[in-house]
Amino acid sequence: MTEATVGTSTDTAAKLLKEGKLVAIPTETVYGLAGNALDTDTVVSIFEAKGRPRFDPLIVHVASWEKAQNYLRDAPPQAEALARNIWPGPLTLLLPKKDIIPDIVTSGLDRVGLRCPDHPLTRDLLSRLDFPLAAPSANAFGYVSPTTADHVRHQLGRKIPYILDGGPCRVGIESTIVGWEDGQPVVYRLGGIGVEQIESLVGPAVVRTHSSSQPQAPGQLQKHYAPAKLFYLGDIDQLIQQHQLRNPGILSFRTPYPAYRNQLVLSPSGDLHEAARNLFGMLRSLDQSDVDAVVAEEVPEKGLGRAINDRLRRAAAQHP
Ligand code: TXA
Ligand code: MG
């Protein structure tokens, strides 16, 4: 295929999607690789374009909680409370699906992940379609998620016809995934909505983001946001010493390291929202620079900081 067109036309995007083609879409979290969720062949082509194993299910994007009812068998009142308060927003709900959602979307699981994204272009796009959009993050499987149209073009530009360019993603980290087990809310992936906010709406939630061989959400796979470069997480100065790095790439939370050429600061003012917004883009640019290894430090373990640390730990998990 020739190089994808990058543009802002929801008309073009809608036309391609109605033909069963794939389009990269902007959301507030990260860019998605979207196709008609009700069409099995289209969904197969999503897995293929991404190089994603079929056991890793896709999130289905809808325009509203009302639209979501077309795809759900039932939902606990807590799910509705979360959707009504947080949608459109960075929250995915895992709920029992109707048969109209093909099994390949959920990798044969009984629950479908549904979310209503908060981006004006994608909301406009969804309102023009009479089907929901299955969309994983628009990166090659296992790599860092894309937060700009350009990130998508680099990895998938030759595999899809169109990238809907909605600018840099406002949240920058994937949606928080919540489901229920025996009536109890469970957080399966930390993301753009903090656990504190979920709990303020539905009470105590179990956080279960690490699972071994049978992940509920394969984003739980320990080695999932794997950069190509060696990646160390901990005390930056100590790591540089310990590994005798002469040309490290440095990703710090607030503190600049002016002695080094490749150093990026997530948020000089210590703002976790800004840090989340910068995280994947900075990981990418350090990973693609000429450094020997990337060293990073954790951020405060609260609010969005939990999701940021989760991604940093997974990035570091390739080197035990
Ligand atoms: O913010 C987001 O959620 C972005 C944007 C594009 O919406 N999407 C995203 O999709 O991060 P993806 O495919 O990269 O990650 C979705 C995660 C995967 O770990 C997948 O295993 C899990 O959600 N998931 C999806 N459907 C599921 C289901 N039915 N049961 C369990 N886990 C599910
Ligand atoms: Mg992903």
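We count ligands from 1, going down the list as the structure has it; atoms in each ligand are counted the same way. What you see is a predicted model, and the numbers here were worked out from it, not measured in a lab.
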Under 4.0 Å from one or more heavy atoms of His61, ligand 1 contributes atoms 5 (C), 6 (C), 7 (O)

Other residues, nucleotides, ligands: >12 heavy atoms within 6.0 Å of Glu301 CD
yes

Tell me whether Leu129 is reachable from Val60 by hopping between hydrophobic residues (I, L, V, M, F, W, Y) whose side-chain heavy atoms are closer than 4.5 Å.
yes

Lys50, any N or O under 3.5 Å of ligand 1 N or O
no

Just going by heavy-atom distances, which of Leu109, Thr27, Ile101 is nearest to atom 30 (N) of ligand 1?
Leu109

Is there any N or O on Tyr31 that sits under 3.5 Å from an N or O of ligand 1?
no

Atom of Leu304, atom of Leu272 and distance for their closest heavy-atom approach:
CD1-O, 4.0 Å

Test of understanding: given a 4.0 Å heavy-atom threshold, classify the contact between His119 and ligand 1 as side chain, backbone, both, or neither.
neither

One finds that the ligand 1 atoms under 4.0 Å from a non-hydrogen atom of Ile177 are 17 (C), 22 (C), 23 (O)

Okay, side chain of Glu199, backbone of Ala205: is any donor-acceptor separation there less than 3.5 Å?
yes

Close approach, Lys97 and ligand 1, non-hydrogen under 4.0 angstrom
no

Numbered in order shown, the ligand 1 atoms found under 4.0 Å of a heavy atom of Gly32 are 6 (C)

Would you name the heavy atoms of Lys229 and Asp287 that are closest together and state the gap between them?
N-OD1, 2.8 Å

Side chain to side chain donor-acceptor pair (under 3.5 Å) against Asp292, all qualifying residues, sequence neighbours excluded:
none

Quick one: which ligand 1 atoms are inside 4.0 Å of a heavy atom on Thr29?
1 (O), 2 (C), 4 (C), 5 (C)

Going by the atom numbers of ligand 1, which of them fall below 4.0 Å from some non-hydrogen atom of Arg52?
12 (P), 13 (O), 14 (O), 18 (C), 20 (C)

Return yes when atom CG of Asp290 has more than 12 non-hydrogen atoms of other residues, nucleotides or ligands closer than 6.0 Å, and no otherwise.
yes

Would the number of heavy atoms belonging to other residues, nucleotides or ligands and lying under 6.0 Å from CZ of Arg84 be above 12?
yes

Does NE2 in His154 sit with more than 12 non-hydrogen atoms of other residues, nucleotides or ligands closer than 6.0 Å?
no

Using a 4.0 Å heavy-atom threshold (strictly under), name the region of Glu174 that reaches ligand 1: side chain, backbone, both or neither.
both

Which of the atoms of ligand 1 are close to Pro136, meaning less than 4.0 Å from one of its heavy atoms?
10 (O), 12 (P), 13 (O)

Among the clusters formed by ILVMFWY side chains lying less than 4.5 Å apart, do Ile198 and Val207 turn up in the same one?
yes

Based purely on interatomic distance, does Arg115 place a nitrogen or oxygen under 3.5 Å from a nitrogen or oxygen of ligand 1?
yes

Taking only heavy atoms of Gly113, which atoms of ligand 1 are found under 4.0 Å from at least one of them?
29 (N)

Does ligand 1 have a heavy atom under 4.0 Å from the side chain of Ile25, from its backbone, from both, or from neither?
neither

Which of the atoms of ligand 1 are close to Ser175, meaning less than 4.0 Å from one of its heavy atoms?
1 (O), 2 (C), 3 (O)

Side chain to side chain donor-acceptor pair (under 3.5 Å) partners of Ser64, counting only residues at least two apart:
none

Please find out if the Mg ion (ligand 2) and some N, O or S atom of Ser137 are separated by less than 2.8 Å.
yes

